[in-house]
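Input: a single structure, listed below in structure tokens.
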Number of protein chains: 2
Amino acid sequence: MARPANPQTRTRLLDAALGVIRAKGYAATTVDDICQAAGLSKGSFFHHFASKDDLAVASAGHWSEVTGALFAGSDYHRHEDPLDRLLAYVDLRRQLIRGTLPEFTCLVGTMAQEAYETSPDIRDACWASIHGHAETLVPDIQAAMDAQGIDAGWTAESLALHTQAVIQGGFILAKASGDARHAVEAIDHLRRYIESLFHAEGRPESASASRSIMGASA
Amino acid sequence: MARPANPQTRTRLLDAALGVIRAKGYAATTVDDICQAAGLSKGSFFHHFASKDDLAVASAGHWSEVTGALFAGSDYHRHEDPLDRLLAYVDLRRQLIRGTLPEFTCLVGTMAQEAYETSPDIRDACWASIHGHAETLVPDIQAAMDAQGIDAGWTAESLALHTQAVIQGGFILAKASGDARHAVEAIDHLRRYIESLFHAEGRPESASASRSIMGASA
DNA sequence: AGATATATACCAACCAGTTGGTATATTATC
DNA sequence: GATAATATACCAACTGGTTGGTATATATCT
């Protein structure tokens, strides 16, 4: 009927938003910032999004898709043992801490903290992203618990969410200190915790996740 | 010399800033917001602070003082054993999760995430607050390590920082979900981790930190 | 009086969102 | 297969309101 909906343009705006918001925060990011980063005009922006908040919600969804594809396509799923898969996931998260802070930190963690009181829509979209990602870990955690007959005072769901809490908290320390190693060390502690829960102190890291180039100490 | 420097006014502005910034985030907080919350005028604000960023730095320092006094005056230090002191600290942090999210979440964790790339002064002030607080835990952790002859792949400093990472991460989950119990559960996992590190699985919580009114499950 | 503290009025810059309009692709009609 | 009609995609310029910050007046204290 008309000029085809150009998904590239909308995606360009969303991708630009991911970068700018992670660097400056959501409130400090202007629509013009995003347009400039995307090489598009404001008119185009408001053609694709009803408001800045609408973009925030959409960018949380976009974030879920991008990161979801990354994890779904990653090969840590190939381990036979569910506990190995869980530990390989943790190793992957550790390995992904590379480059600059805006590159590896979490969009929805950042936005949630700014918008949780003022914008329920954004908050819900952020929670859907965090919670949805955590849910992907639950089957493996539950299987590992079942395999060992573990029945402690915690659930698979709560441990899955805890992994996200540790990672988010590590990002905050890294941002505040300017040193990404603090995020790496938080994940190292997380791995040690999971090993202790499953009495798996000895399990080695997968080869692909061996000591990162950052030289962070264990 | 003249009218005495009225510390009440400055403190009123700082206290107002703590509340507003934790609720709305730093960038979304306007100077007028803070003035209104403090019941003071803009002229007064800029008499006491050179700029909004100057207030942010000062409020991080104020935060350190307020929270520092709270923890210094708390009675978890009275335990004889350093490990008991550490666990009692964790229990206190758990217990402090009460009321609304802006009331119990962390100012400097919030600000760091917004300003880390754009304002080095604010970032440094936030890191000084987080790091300084973590440092207060190091002597007890080190003493507990020494008492048990622990020499693992982690340091007292890194565990101290990890406690802060877990707490900060728990706050993010609580904000995103709107449910404070997620912060409580993160701290429960943290306690379990510390117990496992020091082979202290059985130690009971102190009476004052017994199950919170929130009814969060262990 | 002299210095500090607080208030009011104001401004220039900025920002989210609007407007009016152009370009381009698809479809309908011949 | 040309062309008119139509709908979408995009843009530059503009607007109304907001924001950080300033200028200046008044009040209070020694």
Side-chain angles (χ1 to χ4, degrees), chain A residues 1-21 23-60 62 111 114-115 117-122 125, chain B residues 1-21 23-60 62 111 114-115 117-122 125:
Chain A
M1 278 276 250
R3 185 170 176 180
N6 186 352
Q8 281 182 321
T9 301
R10 192 185 150 91
T11 303
R12 239 163 81 203
L13 286 164
L14 288 171
D15 285 335
L18 299 195
V20 179
I21 294 172
K24 303 178 58 168
Y26 174 64
T29 295
T30 68
V31 173
D32 284 324
D33 285 339
I34 295 168
C35 292
Q36 193 175 359
L40 290 162
S41 70
K42 220 174 194 176
S44 183
F45 180 98
F46 282 101
H47 174 72
H48 288 282
F49 302 102
S51 65
K52 190 189 169 190
D53 277 14
D54 183 39
L55 165 92
V57 172
S59 69
H62 184 57
M111 284 204 305
E114 288 189 71
E117 269 272 334
T118 46
S119 172
D121 288 350
I122 297 176
Chain B
M1 311 213 191
R3 184 171 177 178
N6 185 352
Q8 280 182 319
T9 301
R10 193 184 148 92
T11 303
R12 238 163 81 203
L13 286 164
L14 288 170
D15 284 336
L18 300 194
V20 179
I21 294 171
K24 302 179 59 168
Y26 174 64
T29 294
T30 69
V31 173
D32 284 326
D33 286 338
I34 294 168
C35 292
Q36 194 177 357
L40 289 164
S41 69
K42 223 173 187 177
S44 184
F45 180 98
F46 282 101
H47 175 72
H48 289 281
F49 303 102
S51 65
K52 190 190 170 190
D53 277 14
D54 183 38
L55 165 92
V57 172
S59 70
H62 184 58
M111 285 204 304
E114 288 188 71
E117 269 272 332
T118 46
S119 172
D121 288 350
I122 297 175

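No hydrogens, no waters, no symmetry mates; every other heavy atom, side chains included, goes into these values. Here the structure is a predicted model, which is why all the values come from computation and not from measurement. Sequence lines set the chain letters: A, B, ... in the order given, protein chains first and strands last, and positions in each chain run from 1.
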*Per A:K52 side chain, nearest of listed nucleotides D:dA9, C:dT8, C:dG17*: C:dG17
*Considering only D:dC10, D:dG20, C:dA7, which nucleotide approaches the side chain of B:L40 most closely?*
C:dA7
*asked:* For the residue pair A:K52 and A:F45, would you count it as a cation-pi contact if the rule is NZ or CZ under 6.0 angstrom from the ring centre and within 45 degrees of the ring axis?
replied: no
*Could you give the distance from OG1 (B:T9) to CG (B:L14), rounded to the nearest 0.5 Å?*
11.0 Å
*Hey, what do you get for CG (B:L18) to CG (B:L13), rounding to the nearest 0.5 Å?*
11.0 Å
*asked:* Whether the side chain of B:S59 engages the backbone of B:H62 through a donor-acceptor N/O pair (distance < 3.5 Å, no angle test) should be reported.
replied: no
d([atom1], [X]; [atom2], [N]) in whole Å:
{"X": "A:F46", "N": "D:dA12", "atom1": "CZ", "atom2": "P", "answer": "16 Å"}
{"X": "A:L55", "N": "C:dG17", "atom1": "CG", "atom2": "P", "answer": "11 Å"}
{"X": "A:F49", "N": "C:dC15", "atom1": "CZ", "atom2": "P", "answer": "20 Å"}

*If you find the nucleotide of DNA chain C closest to A:D53 and the one closest to B:S44, which residue's nucleotide is nearer the 5' end?*
B:S44
*Would you state whether a donor and an acceptor, one from the side chain of A:K42 and one from the base of C:dA16, lie under 3.5 Å apart?*
yes
*Side-chain contact test, heavy atoms from C-beta onward, threshold under 4.5 Å: evaluate it for A:D53 versus A:Y26 and give yes or no.*
yes
Check this one for me: any side-chain N or O of [X] less than 4.0 Å away from OP1 or OP2 of [N]?
{"X": "A:H47", "N": "D:dA9", "value": "yes"}
{"X": "B:H48", "N": "C:dT4", "value": "no"}
{"X": "B:S51", "N": "D:dG20", "value": "no"}

_So if I apply the side-chain hydrogen bond (donor to acceptor under 3.5 Å, both in side chains) rule between A:K24 and each of A:T29, A:D33, A:T30, which one comes out positive?_
A:D33
*Tell me which residues in residues 24-37 of chain A put a heavy atom below 4.0 Å from DNA chain C, sorted by number, or none.*
A:T29, A:T30, A:V31
